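Input: a single structure, listed below in structure tokens.
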Amino acid sequence: MKHAYFIAGTDTEIGKTHAACALLHAFRAQGMSALGMKPVAAGTDAAGVNEDVAALVAASSLAVPAELVNPYCFADPIAPHIAAREAGVTMRAEPVVAAFGELGKRADVVIVEGVGGFLVPLADDFDAADLAAALALPVILVVGMRLGCLNHALLTQEAIRARGLKLAGWIANRVDPAMRRFDENLATLQARLHAPLLGVIPHGVGGAAAAAHLALPRD
Ligand SMILES: Nc1ncnc2c1ncn2[C@@H]1O[C@H](COP(=O)(O)OP(=O)(O)OP(=O)(O)O)[C@@H](O)[C@H]1O
Ligand SMILES: C[C@H](N)[C@H](N)CCCCCC(=O)O
Ligand SMILES: [Mg+2]
């Protein structure tokens with residue numbers, strides 16, 4: 001494995017999966033093999049499929065066992081620690097770290113999507129930030145560009161730093177095409193986030209087309 005990143009977001013439903021898939025395509029376009037991972041997923045369809053996992057698998061260049069891509073999956077689209085408690089499961093870092101290690105043996109790049117926002121609880125004394133720390137990964141922050149994102153992005157930057165993790169870059173994802181003062185908001189984030197802007201993903205652009213809007217992180 002040459003590169004691996006933890007994809008954090010300013011919130012749930014702001015484009016972590018969308019950006020993670022774009023990054024997988026961007027690395028693949030450089031001739032690297034790339035795998036997506038979703039350690040914790042909440043919400044499945046009638047066939048038991050989680051749409052984030054399906055999207056990451058579709059954007060990956062290799063087929064690997066599902067339990068490596070997604071060690072923890074719950075049916076209900078609710079806060080994952082609640083879904084886990086109801087299922088009688090106590091989530092821990094170790095199975096995720098082990099699965100991540102296996103993925104790393106098979107691909108040049110592993111892109112790990114978090115769950116919800118950066119501090120989402122996973123168990124009584126364990127949250128998504130702990131998971132990123134256990135994996136010891138640099139973080140790429142996806143900012144869902146809409147009113148309110150400045151505060152969410154800056155809080156997340158502080159939380160990443162507080163866990164001793166590196167913010168390797170950030171992606172501005174245009175979830176709200178009608179966001180007012182987009183350019184000024186983008187400039188505000190560029191001034192206050194201490195990491196390179198990897199790109200702006202336009203609204204309605206995904207997959208390989210979105211990859212064309214991204215620069216790969218330097219490290
Ligand atoms: N740039 C974009 N243009 C249009 N739609 C987008 C864009 N980015 C994300 N979306 C849509 O917004 C929704 C949320 O995106 P996505 O599933 O990637 O969010 P997420 O942060 O991964 O959410 P979760 O916390 O559930 O994992 C999806 O329907 C997705 O298709
Ligand atoms: C179900 C959803 N799409 C995500 N998988 C989980 C989001 C958890 C958010 C918890 C919270 O911060 O309130
Ligand atoms: Mg997602």
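Small disclaimer: the values here were computed from a predicted structure and weren't measured. Atoms within each ligand, like the ligands themselves, are counted from 1 in listed order.
Under the 4.0 angstrom criterion, atom 28 (C) of ligand 1 counts as lacking any protein heavy-atom contact. The presence of a protein heavy atom under 4.0 Å from atom 12 (O) of ligand 1 is ruled out.
Closest to atom 12 (O) of ligand 2 among all protein heavy atoms lies V120 CG2, 3.7 Å. Closest to atom 20 (P) of ligand 1, if we only count protein heavy atoms, is K16 N, 3.4 Å. Atom 31 (O) of ligand 1 has as its closest protein heavy atom H18 ND1, 4.3 Å. Of all protein heavy atoms, the one closest to atom 4 (C) of ligand 1 is G204 N, 3.2 Å. Atom 5 (N) of ligand 1 has its closest protein heavy atom at H203 CE1, 3.9 Å. Residue, atom and distance of the protein heavy atom nearest to atom 23 (O) of ligand 1 are E13 N, 3.0 Å. Of the protein's non-hydrogen atoms, G15 N, 2.9 Å is the one closest to atom 19 (O) of ligand 1.
Summarising the geometry, atom CG belonging to D108 is positioned 3.5 Å from atom OG belonging to S33; distances are rounded to the nearest 0.5 Å. Taken from CZ in F118 to CD1 in I7, the straight-line distance is 11.5 Å, to the nearest 0.5 Å. Here the straight-line distance linking atom CG of D124 with atom CE of M91 works out to 11.0 Å at 0.5 Å rounding. Rounding to the nearest 0.5 Å places CD of E184 at 10.0 Å from CE of M179. From H18, atom NE2 reaches atom CD of E113 across 12.0 Å, with rounding to the nearest 0.5 Å. Note that CG of L154 and CG of L193 are 5.5 Å apart. Values are rounded to the nearest 0.5 Å.
The environment of L147 atom CG is sparse: at most 12 non-hydrogen atoms of other residues, nucleotides or ligands sit within 6.0 angstrom. By the 6.0 Å contact criterion, CZ on R106 is enclosed, its count of non-hydrogen atoms from other residues, nucleotides or ligands being greater than 12.
Under a 4.0 Å heavy-atom criterion, G206 is not in contact with ligand 1.
Those atoms of ligand 1 that come under 4.0 Å of a heavy atom in K38, given as number and element, are 27 (O). Contact atoms of ligand 2 toward A42: 1 (C), 5 (N) (distance under 4.0 Å to a heavy atom of the residue). Remark: ligand 1 atoms within the under-4.0 Å shell around heavy atoms of G116 are 25 (O). Short contacts between ligand 1 and T12, defined as distances under 4.0 Å to a heavy atom of the residue, involve ligand atoms 24 (P), 25 (O), 26 (O). Taking a cut-off of under 4.0 Å to the non-hydrogen atoms of T12, the atoms of ligand 2 that pass are 2 (C), 3 (N), 4 (C), 7 (C). Atoms of ligand 2 found under 4.0 Å from any heavy atom of P80 (numbered from 1 in listed order, with element): 8 (C).
Salt-bridge annotation for K105 and E102: present, with a side-chain N of the basic residue lying under 4.0 Å from a carboxylate O of the acidic one.
Contact annotation for D52 and ligand 1: only side-chain heavy atoms (C-beta onward) come within less than 4.0 Å of the ligand. When heavy-atom distances to ligand 1 are checked against a 4.0 Å cut-off, A210 has no atom that comes that close, whether in backbone or side chain. By the criterion of a heavy-atom distance under 4.0 Å, the side chain of E113, and not its backbone, is placed next to ligand 1. With a 4.0 Å heavy-atom cut-off, ligand 1 is reached by no atom of M145. The proximity of N173 to ligand 1, defined as any non-hydrogen pair under 4.0 Å, is limited to the side chain.
Among residues two or more places apart in sequence or in another chain, the salt bridge (Lys or Arg N to Asp or Glu O under 4.0 Å) test is passed with E13 by none.
E113 contributes atom OE2 as its closest N/O/S atom to the Mg ion (ligand 3). Among heteroatoms of the N, O or S kind in D52, OD2 lies nearest the Mg ion (ligand 3).
In terms of polar-atom proximity, V175 is not counted as a contact of ligand 1, lacking any N or O under 3.5 Å from an N or O of the ligand.
Closest non-hydrogen pair, A134 versus V97, comes out as O-CG2, 3.9 Å. Contact between A129 and L165 at its shortest, heavy atoms only, is O-CD1, 4.4 Å.
Residue side and main chain included, T17 places an N/O/S atom under 2.8 Å of the Mg ion (ligand 3).
With hydrogens and angles disregarded, no donor-acceptor distance shorter than 3.5 Å links the side chain of N70 to the backbone of E67.
With D11 as the partner, the side chain to side chain donor-acceptor pair (under 3.5 Å) test is satisfied by one option alone out of K16, R146, H152: R146.
For the residue pair T17/D52, the side-chain donor-acceptor check at 3.5 Å is satisfied.
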